[in-house]
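Just so it is clear: chains get the letters A, B, ... in the order the sequence lines come, proteins before strands, and each one is counted from 1.
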Protein chains: 2
Amino acid sequence: MAERAQYEELVRQFSAFGLVKRELGRILPDGCSHASAAVLALLSRYGDIRMGKLAELLAVDMSVISRQVAHMAAQGWIDRSPDPADRRSRILRLTPEGRDQLDELSERTTRLLADRLSDWTDDEVGRLIGLMARLRSSFDSTGCEPAGLTAVTAHRTPSPSHPYASDRRTDEGRP
Amino acid sequence: MAERAQYEELVRQFSAFGLVKRELGRILPDGCSHASAAVLALLSRYGDIRMGKLAELLAVDMSVISRQVAHMAAQGWIDRSPDPADRRSRILRLTPEGRDQLDELSERTTRLLADRLSDWTDDEVGRLIGLMARLRSSFDSTGCEPAGLTAVTAHRTPSPSHPYASDRRTDEGRP
DNA sequence: TATTGTTATACTCTATAACTATA
DNA sequence: TATAGTTATAGAGTATAACAATA
């Protein structure tokens with residue numbers, strides 16, 4: 001259990017993280033926002049999924065996904081076909097254009113990170129990935145671990161790949 | 001130097017971090033956004049500073065600070081007095097109400113983090129702080145920038161007083 | 001009635017550009 | 001001319017609430 005000063009410093013790092021996100025945002029291709037990039041990556045990883053599932057994976061409201069996905073469909077990056085089994089739902093699928101976009105995205109972010117983190121070791125990057133994954137998992141009330149490498153093969157399973165999964169439901173500390 | 005797959009995973013963790021930020025945002029007091037909280041913390045740490053300095057510390061455009069600070073002054077949390085030495089400038093100072101607000105803020109975030117990170121050790125939290133500090137530093141201090149990227153003014157900051165300070169250009173965060 | 005998704009509205013954060021007032 | 005700050009505008013991300021279609 002950490003102390004108050006440490007938590008305050010952690011929060012400060014959280015807010016400073018905005019700079020990193022903004023820098024990454026500057027290299028995004030036209031029409032492709034952070035959110036679009038995240039959706040492309042998830043579709044590539046999980047295959048054809050429904051909007052609700054996507055909202056769950058990204059931990060945002062479905063209205064957010066709905067608008068986002070509409071934009072991406074207009075760009076030609078994804079298909080939205082009605083689910084034959086439940087006509088309220090729509091199945092999302094990456095188009096070839098979507099894959100191209102994802103490749104371009106991956107190319108650009110890799111180049112930027114390789115430059116900025118050129119003095120980081122493989123191991124250090126791995127540690128940051130691990131800690132951020134665990135942080136997210138500590139904050140995720142669903143117990144799932146949607147976007148982490150540690151859960152690549154198992155987004156439905158209760159994250160067996162690390163010993164820190166949290167199923168706590170307490171709302172302590174919330175208004 | 002890490003590999004492409006690792007960089008891609010890192011970017012995924014970055015986007016997943018949004019959830020953490022949103023959760024933290026939910027406990028903020030009325031009228032006090034993430035941005036306000038960050039400004040309060042910086043004013044408390046650095047004392048009376050000018051708007052430009054604040055913009056530099058937060059790595060955002062001054063127009064952003066201007067609006068933010070206007071809101072905070074309206075709330076009574078900060079004073080904006082003209083700088084006698086340069087009447088174009090304004091010196092920002094925390095009011096007693098601003099301190100109270102910061103205390104309340106600190107109380108709430110500490111409670112939330114203590115709950116969510118209850119199974120993290122002191123050392124683990126410290127490692128995350130160190131790695132995020134280094135990440136930030138890697139993104140605002142690089143001499144060579146990839147084509148098409150806007151330079152972010154590198155800044156030197158005074159050494160803060162506690163052991164988890166973030167702005168130093170040290171090897172903190174490295175093993 | 002409950003669930004899936006859509007749309008409308010509002011609020012925050014951010015950057016650019018045009019503006020002012022000093023220097 | 002150059003700098004410190006302000007304001008207007010635009011765009012992205014998010015949440016809530018009202019709504020439609022289907023289960």
Side-chain angles (χ1 to χ4, degrees), chain A residues 14-39 49-56 58-75 78-92, chain B residues 14-39 49-75 78-92 149-153:
Chain A
F14 287 171
S15 88
F17 180 74
L19 167 65
V20 175
K21 215 184 92 191
R22 291 197 297 278
E23 284 288 297
L24 276 167
R26 292 204 174 87
I27 61 159
L28 294 176
D30 253 18
C32 184
S33 62
H34 271 302
S36 294
V39 169
I49 58 180
R50 303 195 307 176
M51 317 238 353
K53 181 65 181 174
L54 195 52
E56 186 188 318
L58 289 168
V60 295
D61 193 89
M62 188 143 60
S63 65
V64 174
I65 295 300
S66 182
R67 264 194 13 162
Q68 189 56 48
V69 151
H71 171 256
M72 295 176 69
Q75 301 276 329
I78 59 179
D79 268 341
R80 287 181 293 181
S81 43
D83 185 344
D86 180 346
R87 295 211 308 284
R88 292 172 304 180
S89 292
R90 302 176 85 164
I91 305 284
L92 306 176
Chain B
F14 288 171
S15 87
F17 180 73
L19 167 64
V20 175
K21 216 183 92 192
R22 291 196 299 278
E23 285 287 298
L24 276 166
R26 292 201 175 90
I27 62 160
L28 294 176
D30 251 20
C32 184
S33 62
H34 271 304
S36 294
V39 170
I49 58 180
R50 303 195 310 176
M51 316 236 355
K53 179 65 179 174
L54 195 52
E56 188 186 315
L57 288 172
L58 289 168
V60 295
D61 193 87
M62 188 144 57
S63 65
V64 175
I65 296 300
S66 182
R67 260 194 14 158
Q68 190 57 47
V69 151
H71 171 256
M72 295 177 69
Q75 302 275 328
I78 59 179
D79 268 341
R80 288 181 291 181
S81 43
D83 185 344
D86 181 345
R87 295 209 310 284
R88 293 172 304 180
S89 293
R90 303 175 85 165
I91 306 284
L92 306 176
L149 292 176
T150 311
V152 171
T153 310

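- In terms of phosphate contacts, B/Ser63 brings no side-chain nitrogen or oxygen within less than 4.0 Å of OP1 or OP2 of D/dT7.
- Within 4.0 Å of B/Ser66, counting heavy atoms only, lies at least one base atom of the nucleic acid.
- The side chain of B/Arg87 contributes no N or O atom lying less than 4.0 Å from OP1 or OP2 of C/dT20.
- Heavy atoms only, all atoms of each residue included: A/Leu19 and B/Ala59 are closest at CD1-CB, 3.9 Å.
- Listed nucleotides C/dT6, D/dT22, D/dA15 differ in distance to A/Val60; the shortest reach to its side chain belongs to D/dA15.
- A/Met62 places a side-chain heavy atom less than 4.5 Å from the side chain of A/Met51.
- Listed pair A/Arg26 / C/dA15 meets the phosphate criterion, a side-chain N or O lying under 4.0 Å from OP1 or OP2.
- Between the NE2 atom of B/His34 and the P atom of D/dT14 there is a distance of 12 Å, given to the nearest Å.
- Looking at every heavy atom in both residues, A/Ser36 comes nearest to A/Gln68 through OG-NE2, 2.6 Å.
- Note on A/Arg67: a base of the nucleic acid sits closer than 4.0 angstrom, heavy atoms only.
- Inspection of the A/Ser63 and A/Asp61 side chains reveals an N or O donor paired with an N or O acceptor under 3.5 Å.
- Donor-acceptor pairing under 3.5 Å, judged by distance alone, is absent between the side chain of B/Ser89 and the base of D/dT3.
- What separates CZ of B/Phe17 from P of D/dG13 is a distance of 17 Å, to the nearest Å.
- The distance from atom NE2 of A/His71 to atom P of D/dT14 is 14 Å, rounded to the nearest whole Å.
- One interatomic measurement links the two molecules: CE of B/Met62 to P of D/dT6, which rounds to 8 Å at whole-angstrom precision.
- Residue B/Glu56 contributes atom CD, which lies 14 Å from atom P of D/dT3 at whole-angstrom precision.
- At a threshold of 4.0 angstrom between heavy atoms, the contacts of B/Asp61 include nucleobase atoms, whether or not backbone atoms are also involved.
- Rounded to whole Å, the distance from CG on B/Leu54 to P on C/dC13 is 14 Å.
- In this structure, B/His34 contributes its side chain and B/Lys21 its backbone to a donor-acceptor pair below 3.5 Å.
- Ranked by how close their nearest DNA chain D nucleotide is to the 5' end, B/Arg50 and A/Ala85 are led by B/Arg50.
- At whole-Å resolution of the value, CD in B/Glu23 and C1' in D/dT14 are 13 Å apart.
- If you find the closest nucleotide of DNA chain C to A/Met51 and to B/Lys21, the one lying nearer the 5' end belongs to A/Met51.
- A donor-acceptor contact under 3.5 Å links the side chain of A/Arg88 to the base of C/dT3.
- Nucleic acid contact for A/Arg90: sugar-phosphate only, since backbone atoms but no base atoms lie under 4.0 Å from a heavy atom of the residue.
- Note on B/Asp83: nothing from the nucleic acid sits closer than 4.0 angstrom, heavy atoms only.
- Remark: C1' of D/dA12 and CD1 of A/Ile65 are 14 Å apart, rounded to the nearest angstrom.
- Heavy-atom minimum distance, A/Ala38 versus A/Leu58: CB-CD2, 4.0 Å.
- Minimum atom distance to the side chain of B/Gln68 is reached by C/dC13, of the listed C/dC13, C/dT6, D/dA4.
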